[in-house]
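What follows is a set of notes on a single structure, which appears directly below.
Keep in mind that this is a model prediction, so the values were computed, not measured. Chain letters run A, B, ... following the sequence lines, proteins first, then strands; residues in each count from 1.
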2 protein chains.
Amino acid sequence: MAVEAENGNKQNGREIVLGRNVHTTCLEVTEPEANDEFTGDKEAYMASVLARYRKNLMERTQHHLGYPYNLDFDYGALGQLQHFSINNLGDPFIESNYGVHSRQFEVGVLDWFARLWEIEKSEYWGYITNCGTEGNLHGILVGREVFPDGILYASRDSHYSVFKAARMYRMDCVKVDCLVSGEIDCADFKVKLLANKDKPAIINVNIGTTVKGAVDDLDLVIQTLEESGFSQDRFYIHCDGALFGLMMPFVKRAPKVTFQKPIGSVSVSGHKFMGCPMPCGVQLTRMKHINVLSSNVEYLASRDATIMGSRNGHAPIFLWYTLNRKGYKGFQKEVQKCLRNAYYLKDRLRDAGH
Amino acid sequence: MAVEAENGNKQNGREIVLGRNVHTTCLEVTEPEANDEFTGDKEAYMASVLARYRKNLMERTQHHLGYPYNLDFDYGALGQLQHFSINNLGDPFIESNYGVHSRQFEVGVLDWFARLWEIEKSEYWGYITNCGTEGNLHGILVGREVFPDGILYASRDSHYSVFKAARMYRMDCVKVDCLVSGEIDCADFKVKLLANKDKPAIINVNIGTTVKGAVDDLDLVIQTLEESGFSQDRFYIHCDGALFGLMMPFVKRAPKVTFQKPIGSVSVSGHKFMGCPMPCGVQLTRMKHINVLSSNVEYLASRDATIMGSRNGHAPIFLWYTLNRKGYKGFQKEVQKCLRNAYYLKDRLRDAGH
C-alpha cells in the first residue's frame, strides 16, 4: 500500500466527506481532432500520459506495504493473450454460446483448490470470482438460500463485505465480539446462539481478518454450534479466506480449512498471496447447495449460479500459470519466507523497545 | 459467439443438467518436479499449451457472431502496464490506502459518460463495474434503498440479472408483458401499476434486450407512470443499457437516454460496443441517491458504495484509451457502419425469400 494517501482525505471517526478529490487530477477524455491522424499529436500525448503513469506505478509498486499482495510474478508468456476478449460467462462447468473462453484453465484451477480443501471433483461447485467480496457475497447467498430464515453471525472484525451482504440480502445479522487477538469470541457466540435457538445459523468464519490478521478457530466454532444444540442440518459455515486462505495450509499448527469438516463454502483472493495482477478470487461450495441457487436462462444456455454474468477469462489463465509454475511446494516456501520475515521484524521491533 | 456449443449440451425447455462437461478437457494443474528447472520440460509444456490455446482463440475470434462485441481494437500501447497489480478499491472519487490504482483514468471515463448522458460532474456518482450484471445489481439496489418497500417492474425480456437481483434483494417483482418487438407493453405496465398504487415503483428499462435487441420506450414508460398517479418522488428508473447503451445516442430518432429525464441510473457494458478485452461496464447514478447506500469502513479508508470491493484497475485504462482514440465521432461512424451492415443483411435475406 502507498504509505499515506495522496491527498488530505482524513478519516474522522466514521465521517468521510464525499470528496471527489481525484477530479482535480482526472485524465480527461478529449475528442480527437480532424487533423490528429495527420499530425500524430494525440498519439504522442497519449503515449506520454501512459509513460508517466507507468513510472508512477513502478514507484508506487516499490513502496507497496501492508496489503498482503504477492508481487513476485513474471507473466511475460501471457502477453500474447492480452488482446483477446476472453469471457467465461455463467457456470464454469457448462459451456455457453460464447466460444472465446478459458473454462479449461478455470476448471483446472478449481480442481487444484478442491484437492487443497479435500473435496471430491464430483462433490464441489465453484468459480473464479472478481474479488474476495464476490466470494463472500456468494457464500452468504448460498447460506441464505439453504436457510431462508437463518440468522447471519459474524465477528465484529469481519470484512465489511459480510455486513454489506446482510444488508443487500435483507438478512438478520448478529455481530459477535472478538478476543484481543481479533479472533471470534466463542463464549459470546454461544450466548447469542442460545438466544436465537429457533432460527438456523449462517456463520462467517474469518481465515485472516483485515487489520489484525486474526484466524477464527473453526473447530471451536463448530464445537460451539454443537454444544448450543445446532445439528449439522441447522447451520451453514462460510469461510472467508480472502487474506490467508492460501497461506494457512502451509502454517504448522494452524486450524485446518477442509470440506471434511461441516463447512458450506470457502473463498480466497487470487490477487493477494497468489499474485494475479488483476483482482480475482476462488469460491468453492458443495454441489448439493448450489442447486437451490440456480436458474436457467435462454440467453446464455448456461446455468446461472454465479453473482456476476460476464466473467474475466484472463484471470483463470494467470492463476493456472502461477499454480503450475510454483506448485504446492513453491507456495510453502513463500509462506515460510513470509513467516521468517515477520518473526525478524517482530524481534527487531522488540529490540528497539516497542 | 461460436455458432454452436462445443458439446451436445442442449436445452430442453428449462432443463439443463449440470454437466461438468468441461472436466474432460480440463487443463490440470500439475506440481513442478524437482528436476524441472534443470530440464525445462514444464516450461516447454506450458508454452505449448498457451500456443495451442492462442491458436484456438484466434480461430474462435474469427467466427465471433451474434454477441454485439467490438473486436476492432489495438491495445499494443497498454501491454507495458499488464504486469502491474492495479486495483481501484472502493469509491472512484475517494483515494484509498492502496496506491497502485487508475482512478484518474476511471474518473476521466466517467466524466465522458456524464457528458453523454447530460448530468453535471457535481451531480453524478458512478464507477467502472466488472460487467453489465454488476451495473444492474447496483442500479436496482440503489432503487431499493431509495424505496425500501418499492416493487420492481421489469419486462419479461429483461436480462436475467434483473430477476436475479430481485431474488437476491428479496424484492417483490412484477413481470410486465412485451410487445412482439420485445419492447415493454405499457398498457400491461399500466394495469400492473394501478394494481399496486400503494407501493413505490422501481422500473428496469431495457436499452437493448438480449435476444431481440428491443429498446423500451423510456418516454412512454415515464408517461405511463405519471398517468397512473406516480409522481417523481414515488418511482425510480434504472436503464439497462448493457447492450445498446452506447449505440443509441448515435441512432437517429432513437429514444434518448439522459439524466434530464427523471431516471435514477444508467449502466452500459464496456466489453461489448466499446471493445474492452476484459468484461467491464460503466454505472452512473445521481449523487443524491448514493448516500443512502454508503457506509464507511476502516480497512480501506474509503466509502463503500460499490457492489464489489477490489476492482480491476486495467479496465478503466482500456476504456480511457479507446474513448480518446475513437471519440464521439468514431463511435458514431461505427454505429452507422453496423446499421448499414444490418440493413444489407436484411435485404439479402429478404431477396433470398426469408
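Most heavy-atom pairs under 4.5 Å with chain B, from the set R170(A), E145(A), E31(A): that is R170(A). In terms of heavy-atom pairs under 4.5 Å with chain A, the best-connected choice from R115(B), R144(B), H314(B) is R144(B). Counting heavy-atom pairs closer than 4.5 Å to chain B, the top-ranked of the candidates V49(A), N136(A), T129(A), V109(A) is V49(A). Put simply, of F318(B), Y53(B), Y328(B), the one with the most heavy-atom pairs under 4.5 Å next to chain A is Y53(B). Ranked by non-hydrogen atom pairs under 4.5 Å with chain A, the options G281(B), S269(B), G313(B), P148(B) are led by P148(B). Looking only at heavy-atom pairs under 4.5 Å with chain A, the residue among L57(B), L323(B), L110(B) that has the most is L57(B). Residue with the most contacts toward chain A among E28(B), E43(B), M46(B): M46(B) (heavy-atom pairs, distance under 4.5 Å). Comparing K329(B), R311(B), K164(B) by how many heavy-atom pairs each has under 4.5 Å with chain A, the most go to K164(B).
Between G309(B) and C131(A) the shortest heavy-atom distance is N-SG, 3.9 Å. Nearest heavy-atom pair, N324(A) versus P32(B), reported as atom, atom and distance to 0.1 Å: O-CG, 3.4 Å.
Distance check: L27(B) CG to Q104(A) CD gives 5.5 Å after rounding to the nearest 0.5 Å. Summarising the geometry, atom CE belonging to M308(A) is positioned 9.5 Å from atom OG belonging to S161(B); distances are rounded to the nearest 0.5 Å. Taking CZ of R325(B) as the reference point, atom NZ of K42(A) lies at 10.0 Å (rounded to 0.5 Å). Distance check: N312(B) CG to C276(A) SG gives 9.0 Å after rounding to the nearest 0.5 Å.
Ring orientation note: the planes of W320(A) and Y45(B) are tilted relative to one another, at an angle of 30° to 60°.
When only modelled atom types and interatomic distance are considered, H271(A) and S310(B) share a side-chain donor-acceptor pair under 3.5 Å.
Proximity to chain B (any heavy atom under 4.5 Å) is shown, for L78(A), by both the backbone and the side chain. For S102(A), the parts sitting under 4.5 Å from any heavy atom of chain B are the backbone and the side chain alike. E106(A) does not touch chain B: none of its heavy atoms, backbone or side chain, sits under 4.5 Å away. With a threshold of 4.5 angstrom between heavy atoms, P316(A) does not approach chain B through any atom at all. Both the backbone and the side chain of T30(A) come within contact range of chain B, judged by heavy atoms closer than 4.5 Å.
I307(B) is listed as a side-chain neighbour of M168(A), based on a closest heavy-atom distance under 4.5 Å. Between L50(B) and I317(A), some side-chain heavy-atom pair lies under the 4.5 Å cut-off.
For the side-chain contact (heavy atoms from CB on, under 4.5 Å) with F84(B), the qualifying choice from R60(A), M278(A), R54(A) is R54(A), the only one to do so. Partner P279(A) forms a side-chain contact (heavy atoms from CB on, under 4.5 Å) with one of N130(B), N88(B), I86(B), N87(B) and no other, that one being N87(B).
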Go through it in stages, so that I can follow the logic: the residues are T61(B) and S85(A), the test is side-chain contact (heavy atoms from CB on, under 4.5 Å), and I'd like the CA-CA distance, side-chain angles, deciding distance and then a yes or no. CA-CA 8 Å; T61(B) 300; S85(A) 187; over 6 Å; no

